Amino acid sequence: MEKARIFNIERYAIEDGPGIRTVVFLKGCKLRCKWCANPESQSFEKEVLVKANACIGCGKCELICPNKAIKHTPLMGYITQQDLCSHCSICIDNCFEDARTLMGTDYTVDELIKELLKDEQYFEMSGGGVTFSGGEPLFYSVFIKECALKLKDRNITTLIETCGHVPLDNIKIVHEVVDYIYYDFKEIDPEKHKEFTGFDNKLILENLNWLDKNYKGKLSVRYPYIPGHNDSKEDVEGFLE
(Lines give C-alpha, C1' and ligand atoms only; values in the text may rest on other atoms or scores of the structure.)
Protein backbone atom coordinates (compact mmCIF):
# COMPACT_ATOMS: atom_id res chain seq x y z
CA MET A 1 0.00 0.00 0.00
CA GLU A 2 1.40 3.38 -1.04
CA LYS A 3 2.38 5.63 1.88
CA ALA A 4 3.80 9.12 2.26
CA ARG A 5 5.64 10.79 5.13
CA ILE A 6 3.88 14.00 6.15
CA PHE A 7 5.16 16.52 8.69
CA ASN A 8 2.25 18.95 8.74
CA ILE A 9 -1.30 19.45 7.48
CA GLU A 10 -2.26 23.12 7.40
CA ARG A 11 -5.91 24.10 7.17
CA TYR A 12 -7.46 27.34 5.91
CA ALA A 13 -4.51 28.22 3.67
CA ILE A 14 -5.32 31.14 1.38
CA GLU A 15 -1.95 31.77 -0.31
CA ASP A 16 -1.22 28.31 -1.71
CA GLY A 17 -3.60 28.30 -4.64
CA PRO A 18 -7.17 29.43 -5.40
CA GLY A 19 -9.82 29.43 -2.71
CA ILE A 20 -9.48 28.00 0.78
CA ARG A 21 -7.03 25.11 0.68
CA THR A 22 -5.61 22.44 2.92
CA VAL A 23 -1.84 22.11 2.49
CA VAL A 24 -0.16 18.74 2.93
CA PHE A 25 3.55 19.14 3.72
CA LEU A 26 5.56 16.09 2.62
CA LYS A 27 8.92 15.31 4.16
CA GLY A 28 12.17 15.23 2.20
CA CYS A 29 13.99 17.46 -0.31
CA LYS A 30 17.31 17.22 -2.14
CA LEU A 31 17.98 20.96 -2.16
CA ARG A 32 19.50 22.75 0.83
CA CYS A 33 18.43 26.33 0.23
CA LYS A 34 20.18 28.71 2.61
CA TRP A 35 16.88 30.54 3.19
CA CYS A 36 14.70 27.41 3.59
CA ALA A 37 11.51 28.31 5.47
CA ASN A 38 10.93 24.69 6.53
CA PRO A 39 14.32 23.14 7.40
CA GLU A 40 12.46 20.36 9.21
CA SER A 41 11.23 19.29 5.76
CA GLN A 42 14.66 18.54 4.29
CA SER A 43 15.36 15.09 5.75
CA PHE A 44 13.27 12.16 4.53
CA GLU A 45 13.58 10.58 7.98
CA LYS A 46 11.35 11.12 10.98
CA GLU A 47 12.80 13.61 13.49
CA VAL A 48 12.00 14.59 17.06
CA LEU A 49 12.42 18.35 17.44
CA VAL A 50 12.27 20.65 20.45
CA LYS A 51 10.61 24.06 20.62
CA ALA A 52 13.22 26.09 22.46
CA ASN A 53 10.78 28.83 23.46
CA ALA A 54 8.46 26.28 25.11
CA CYS A 55 11.07 24.12 26.88
CA ILE A 56 11.52 24.99 30.59
CA GLY A 57 14.72 22.96 30.90
CA CYS A 58 13.47 20.43 33.44
CA GLY A 59 15.56 17.64 31.87
CA LYS A 60 12.87 14.97 32.23
CA CYS A 61 13.11 14.00 28.58
CA GLU A 62 16.81 13.23 28.91
CA LEU A 63 16.18 11.05 31.97
CA ILE A 64 13.35 8.96 30.51
CA CYS A 65 14.67 8.43 26.97
CA PRO A 66 15.21 4.65 26.69
CA ASN A 67 17.89 5.07 24.01
CA LYS A 68 19.77 7.91 25.74
CA ALA A 69 19.28 9.89 22.56
CA ILE A 70 18.63 13.25 24.22
CA LYS A 71 21.52 15.42 25.36
CA HIS A 72 21.60 18.93 26.77
CA THR A 73 23.44 21.33 24.51
CA PRO A 74 24.34 24.83 25.76
CA LEU A 75 22.27 27.54 24.03
CA MET A 76 20.23 24.87 22.18
CA GLY A 77 18.57 22.91 24.99
CA TYR A 78 17.65 19.23 25.06
CA ILE A 79 18.43 18.06 21.54
CA THR A 80 17.60 14.62 20.16
CA GLN A 81 20.42 12.75 18.42
CA GLN A 82 18.39 11.49 15.49
CA ASP A 83 20.64 8.50 14.75
CA LEU A 84 19.92 7.10 18.24
CA CYS A 85 16.20 7.94 18.33
CA SER A 86 13.66 5.14 17.76
CA HIS A 87 10.71 7.58 17.58
CA CYS A 88 8.97 5.88 20.49
CA SER A 89 7.42 9.26 21.48
CA ILE A 90 8.01 8.70 25.20
CA CYS A 91 9.71 12.09 25.52
CA ILE A 92 6.85 13.74 23.61
CA ASP A 93 4.08 12.12 25.65
CA ASN A 94 5.79 13.05 28.94
CA CYS A 95 6.59 16.67 28.12
CA PHE A 96 4.02 18.70 30.05
CA GLU A 97 5.04 21.90 28.23
CA ASP A 98 4.37 20.35 24.81
CA ALA A 99 7.88 21.38 23.78
CA ARG A 100 8.76 18.24 21.83
CA THR A 101 7.20 17.07 18.58
CA LEU A 102 7.64 14.29 16.03
CA MET A 103 8.13 15.60 12.52
CA GLY A 104 7.01 12.91 10.12
CA THR A 105 3.93 10.67 10.19
CA ASP A 106 3.30 7.99 7.58
CA TYR A 107 -0.13 8.06 5.94
CA THR A 108 -1.79 5.72 3.49
CA VAL A 109 -3.83 7.29 0.69
CA ASP A 110 -7.12 6.38 2.37
CA GLU A 111 -5.98 7.77 5.72
CA LEU A 112 -5.04 11.09 4.18
CA ILE A 113 -8.20 11.34 2.07
CA LYS A 114 -10.30 10.77 5.20
CA GLU A 115 -8.48 13.64 6.89
CA LEU A 116 -8.76 15.96 3.89
CA LEU A 117 -12.48 15.38 3.39
CA LYS A 118 -13.11 17.00 6.77
CA ASP A 119 -12.59 20.28 4.88
CA GLU A 120 -14.71 19.40 1.86
CA GLN A 121 -17.34 22.01 2.65
CA TYR A 122 -14.71 24.78 2.67
CA PHE A 123 -13.43 23.63 -0.71
CA GLU A 124 -16.92 23.62 -2.18
CA MET A 125 -17.84 27.06 -0.84
CA SER A 126 -14.58 28.78 -1.86
CA GLY A 127 -13.45 26.98 -5.00
CA GLY A 128 -10.48 25.68 -3.05
CA GLY A 129 -8.86 22.28 -2.76
CA VAL A 130 -5.75 20.43 -1.65
CA THR A 131 -2.16 21.63 -2.11
CA PHE A 132 0.81 19.27 -1.84
CA SER A 133 3.93 21.04 -0.63
CA GLY A 134 7.06 20.16 1.26
CA GLY A 135 9.86 19.45 1.29
CA GLU A 136 9.58 18.28 -2.29
CA PRO A 137 6.20 16.61 -2.88
CA LEU A 138 7.15 15.13 -6.25
CA PHE A 139 9.25 12.48 -4.52
CA TYR A 140 5.82 11.06 -3.63
CA SER A 141 4.35 11.19 -7.14
CA VAL A 142 2.57 7.83 -7.06
CA PHE A 143 0.97 8.69 -3.73
CA ILE A 144 -0.13 12.13 -4.97
CA LYS A 145 -1.57 10.65 -8.17
CA GLU A 146 -3.73 8.23 -6.19
CA CYS A 147 -4.90 11.05 -3.91
CA ALA A 148 -5.61 13.37 -6.84
CA LEU A 149 -7.77 10.77 -8.58
CA LYS A 150 -9.84 10.18 -5.44
CA LEU A 151 -10.22 13.94 -4.88
CA LYS A 152 -11.16 14.51 -8.51
CA ASP A 153 -14.06 12.09 -8.05
CA ARG A 154 -15.42 14.58 -5.51
CA ASN A 155 -14.65 17.65 -7.69
CA ILE A 156 -11.78 18.76 -5.43
CA THR A 157 -8.80 20.33 -7.18
CA THR A 158 -5.17 19.52 -6.46
CA LEU A 159 -2.07 21.69 -6.66
CA ILE A 160 1.62 20.85 -6.36
CA GLU A 161 4.27 23.30 -5.11
CA THR A 162 7.63 22.09 -6.41
CA CYS A 163 11.24 23.20 -6.79
CA GLY A 164 11.53 20.95 -9.86
CA HIS A 165 14.66 19.12 -8.69
CA VAL A 166 13.27 15.61 -9.23
CA PRO A 167 13.52 12.95 -11.95
CA LEU A 168 11.34 13.82 -14.94
CA ASP A 169 9.54 10.49 -14.57
CA ASN A 170 8.14 11.73 -11.24
CA ILE A 171 6.57 14.69 -13.01
CA LYS A 172 5.18 12.52 -15.79
CA ILE A 173 3.35 10.38 -13.22
CA VAL A 174 1.21 13.30 -12.00
CA HIS A 175 1.07 15.85 -14.81
CA GLU A 176 -2.19 14.56 -16.27
CA VAL A 177 -4.12 14.43 -12.98
CA VAL A 178 -3.20 17.57 -10.99
CA ASP A 179 -4.93 20.87 -11.76
CA TYR A 180 -2.20 23.36 -10.84
CA ILE A 181 1.58 23.39 -10.51
CA TYR A 182 3.46 26.18 -8.74
CA TYR A 183 7.08 25.94 -9.84
CA ASP A 184 9.69 27.79 -7.76
CA PHE A 185 12.72 28.91 -9.75
CA LYS A 186 15.39 30.24 -7.43
CA GLU A 187 18.36 31.49 -9.47
CA ILE A 188 19.27 31.71 -13.18
CA ASP A 189 23.05 31.48 -12.75
CA PRO A 190 23.92 27.77 -12.34
CA GLU A 191 26.97 28.41 -10.13
CA LYS A 192 25.07 30.73 -7.80
CA HIS A 193 22.21 28.23 -7.75
CA LYS A 194 24.65 25.56 -6.60
CA GLU A 195 26.11 27.89 -3.98
CA PHE A 196 22.67 28.72 -2.57
CA THR A 197 20.99 25.31 -2.82
CA GLY A 198 23.68 22.63 -3.19
CA PHE A 199 22.86 21.84 -6.83
CA ASP A 200 22.95 23.68 -10.16
CA ASN A 201 19.71 24.43 -12.04
CA LYS A 202 20.18 22.19 -15.10
CA LEU A 203 17.60 19.56 -14.10
CA ILE A 204 15.18 22.24 -12.89
CA LEU A 205 15.31 24.07 -16.23
CA GLU A 206 14.93 20.84 -18.21
CA ASN A 207 11.86 19.87 -16.21
CA LEU A 208 10.35 23.33 -16.54
CA ASN A 209 10.79 23.25 -20.32
CA TRP A 210 9.11 19.84 -20.45
CA LEU A 211 6.16 21.08 -18.40
CA ASP A 212 5.84 24.16 -20.59
CA LYS A 213 5.39 21.92 -23.62
CA ASN A 214 3.34 19.10 -22.11
CA TYR A 215 1.39 20.21 -19.05
CA LYS A 216 -2.26 21.08 -19.77
CA GLY A 217 -3.14 22.42 -16.34
CA LYS A 218 -2.33 25.84 -14.90
CA LEU A 219 1.43 26.34 -14.50
CA SER A 220 2.75 29.26 -12.44
CA VAL A 221 6.49 29.96 -12.24
CA ARG A 222 7.42 31.74 -9.02
CA TYR A 223 10.60 33.55 -7.99
CA PRO A 224 11.46 33.70 -4.28
CA TYR A 225 13.11 37.11 -4.01
CA ILE A 226 15.81 36.75 -1.32
CA PRO A 227 17.75 39.93 -0.41
CA GLY A 228 21.49 39.35 -0.51
CA HIS A 229 21.18 36.20 -2.62
CA ASN A 230 19.17 36.48 -5.85
CA ASP A 231 18.01 40.10 -5.78
CA SER A 232 20.48 41.71 -8.21
CA LYS A 233 19.30 43.26 -11.46
CA GLU A 234 21.12 40.52 -13.40
CA ASP A 235 19.43 37.78 -11.37
CA VAL A 236 15.93 39.16 -11.86
CA GLU A 237 16.35 40.01 -15.53
CA GLY A 238 17.87 36.57 -16.16
CA PHE A 239 14.86 34.93 -14.54
CA LEU A 240 12.40 37.00 -16.57
CA GLU A 241 14.20 36.27 -19.81
Side-chain angles (χ1 to χ4, degrees), residues 6-42 123 126-141 144 148 157-168 170-241:
I6 294 166
F7 71 91
N8 191 24
I9 297 176
E10 178 185 320
R11 293 187 149 86
Y12 205 85
I14 56 175
E15 296 182 354
D16 294 273
I20 297 172
R21 308 191 73 81
T22 297
V23 184
V24 179
F25 291 91
L26 294 142
K27 206 165 184 334
C29 182
K30 292 292 188 181
L31 298 188
R32 293 294 182 266
C33 302
K34 292 185 176 181
W35 54 79
C36 181
N38 295 320
E40 69 274 21
S41 74
Q42 294 179 354
F123 304 151
S126 69
V130 175
T131 294
F132 293 94
S133 189
E136 176 45 65
L138 285 175
F139 283 113
Y140 299 89
S141 293
I144 290 176
T157 63
T158 50
L159 184 153
I160 290 176
E161 294 180 319
T162 179
C163 70
H165 190 80
V166 294
L168 178 57
N170 292 40
I171 296 174
K172 290 181 177 179
I173 288 170
V174 300
H175 83 282
E176 292 183 341
V177 297
V178 297
D179 302 284
Y180 308 90
I181 294 178
Y182 282 5
Y183 201 99
D184 284 1
F185 189 84
K186 306 173 190 301
E187 169 59 49
I188 190 63
D189 182 277
E191 291 303 316
K192 290 179 69 175
H193 195 285
K194 186 173 183 178
E195 177 190 351
F196 297 152
T197 73
F199 292 87
D200 64 32
N201 57 17
K202 181 176 184 291
L203 177 61
I204 294 168
L205 279 167
E206 290 174 352
N207 287 339
L208 181 56
N209 282 324
W210 187 90
L211 279 169
D212 186 45
K213 294 180 176 66
N214 296 280
Y215 181 55
K216 305 304 180 184
K218 297 180 180 179
L219 174 65
S220 297
V221 184
R222 306 189 301 177
Y223 189 74
Y225 183 84
I226 312 297
H229 289 85
N230 62 357
D231 59 338
S232 71
K233 181 180 180 182
E234 292 76 19
D235 290 331
V236 176
E237 288 181 346
F239 163 71
L240 294 173
E241 182 181 352

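Source: prediction; values computed, not measured. Position 1 is the first residue of the sequence; numbering continues from there.
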- Note on the structure: Between Trp210 and Asn214 the two heavy atoms that sit nearest each other are O-ND2, 2.8 Å
- Item | Residue list, salt bridge (Lys or Arg N to Asp or Glu O under 4.0 Å) with Lys186, at least two apart or on another chain | none
- Query: Do the side chain of Glu136 and the main chain of Cys163 share a donor and acceptor less than 3.5 angstrom apart?
  - Reply: yes
- 4.5 Å side-chain heavy-atom contact, Leu159 and Tyr182: yes
- Item | Main-chain N/O of Leu208 paired to Asp212 side chain as donor or acceptor, under 3.5 Å | no
- Task: Could you give me the CA-CA distance, side-chain angles and deciding distance for Thr158 and Ile144, then say whether side chain to side chain contact (heavy atoms under 4.5 Å, CB included) is met?
- Result: CA-CA 9 Å; Thr158 50; Ile144 290 176; over 6 Å; no
- Message: Looking at Asp184 and Arg222, is any side-chain nitrogen of the basic one under 4.0 Å from a carboxylate oxygen of the acidic one?
- Response: yes
- Message: If you compare all heavy atoms of Pro137 against all heavy atoms of Phe132, which two are closest, and at what distance to 0.1 Å?
- Response: CG-O, 3.5 Å
- Message: If I compare all heavy atoms of Asn38 with all of Ser41, which pair ends up nearest, and what's the gap?
- Response: O-OG, 2.6 Å
- Using the six-membered ring wherever Trp is involved, compare the ring planes of Phe7 and Phe25 and label them parallel, tilted or perpendicular (cut-offs 30° and 60°). tilted
- Can you name the residues that form a salt bridge (Lys or Arg N to Asp or Glu O under 4.0 Å) with Asp235, not counting sequence neighbours? Lys192
- Check salt bridge (Lys or Arg N to Asp or Glu O under 4.0 Å) between Glu206 and all other residues, then give those that pass, not counting sequence neighbours. Lys202
- Message: For His193 and Phe185, take the angle between the two ring planes, folded into 0 to 90°, and tell me which bin it lands in: parallel under 30, tilted 30 to 60, perpendicular over 60.
- Response: tilted
- State the CG-CG distance between Leu219 and Leu211, to the nearest 0.5 angstrom. 6.0 Å
- Got a donor-acceptor contact below 3.5 angstrom from the Tyr223 side chain to the Leu240 backbone? no
- What one should report as the nearest heavy-atom pair of Asn230 and Phe196 is N-CE1, 4.4 Å
- Task: Apply side chain to side chain contact (heavy atoms under 4.5 Å, CB included) to the pair Lys34 and Glu195, showing each step before the final yes or no.
- Result: CA-CA 9 Å; Lys34 292 185 176 181; Glu195 177 190 351; 4.1 Å; yes
- Message: On a heavy-atom basis, which atom in Tyr183 and which in Ile204 lie closest, and how many Å separate them?
- Response: OH-O, 2.6 Å
- Message: Using a 3.5 Å distance criterion without hydrogens, assess whether the side chain of Ser126 forms a donor-acceptor pair with backbone atoms of Gly19.
- Response: no
- Message: Quick one, Val130 and Phe123 - any side-chain contact, counting heavy atoms below 4.5 Å?
- Response: yes
- Message: Side chains of Leu31 and Cys36, heavy atoms from C-beta outward: is any pair under 4.5 Å?
- Response: no
- Is any side-chain heavy atom of Ile171 closer than 4.5 Å to a side-chain heavy atom of Tyr215? no
- If you look only at pairs with a residue in residues 11-20, which of them pass as a salt bridge (charged side-chain N to carboxylate O under 4.0 Å, His left out), with sequence neighbours excluded? Arg11-Glu115, Arg11-Asp119
- Item | Side chain Asn201, main chain Ile188, donor-acceptor under 3.5 Å | yes
- Message: Heavy-atom count check: over 12 atoms from other residues, nucleotides or ligands less than 6.0 Å from Lys218 NZ?
- Response: no
- Query: Would a distance-only check, ignoring hydrogens and angles, find a side-chain to backbone donor-acceptor pair under 3.5 Å from Asn207 to Gly164?
  - Reply: yes
- Who passes salt bridge (Lys or Arg N to Asp or Glu O under 4.0 Å) against Asp189, sequence neighbours left out? none
- Pairs meeting criterion salt bridge (charged side-chain N to carboxylate O under 4.0 Å, His left out) with involvement of residues 17-26, two or more places apart: none
- For the student: nearest non-hydrogen atoms of Lys27 and Tyr140, plus distance: O-OH, 2.6 Å
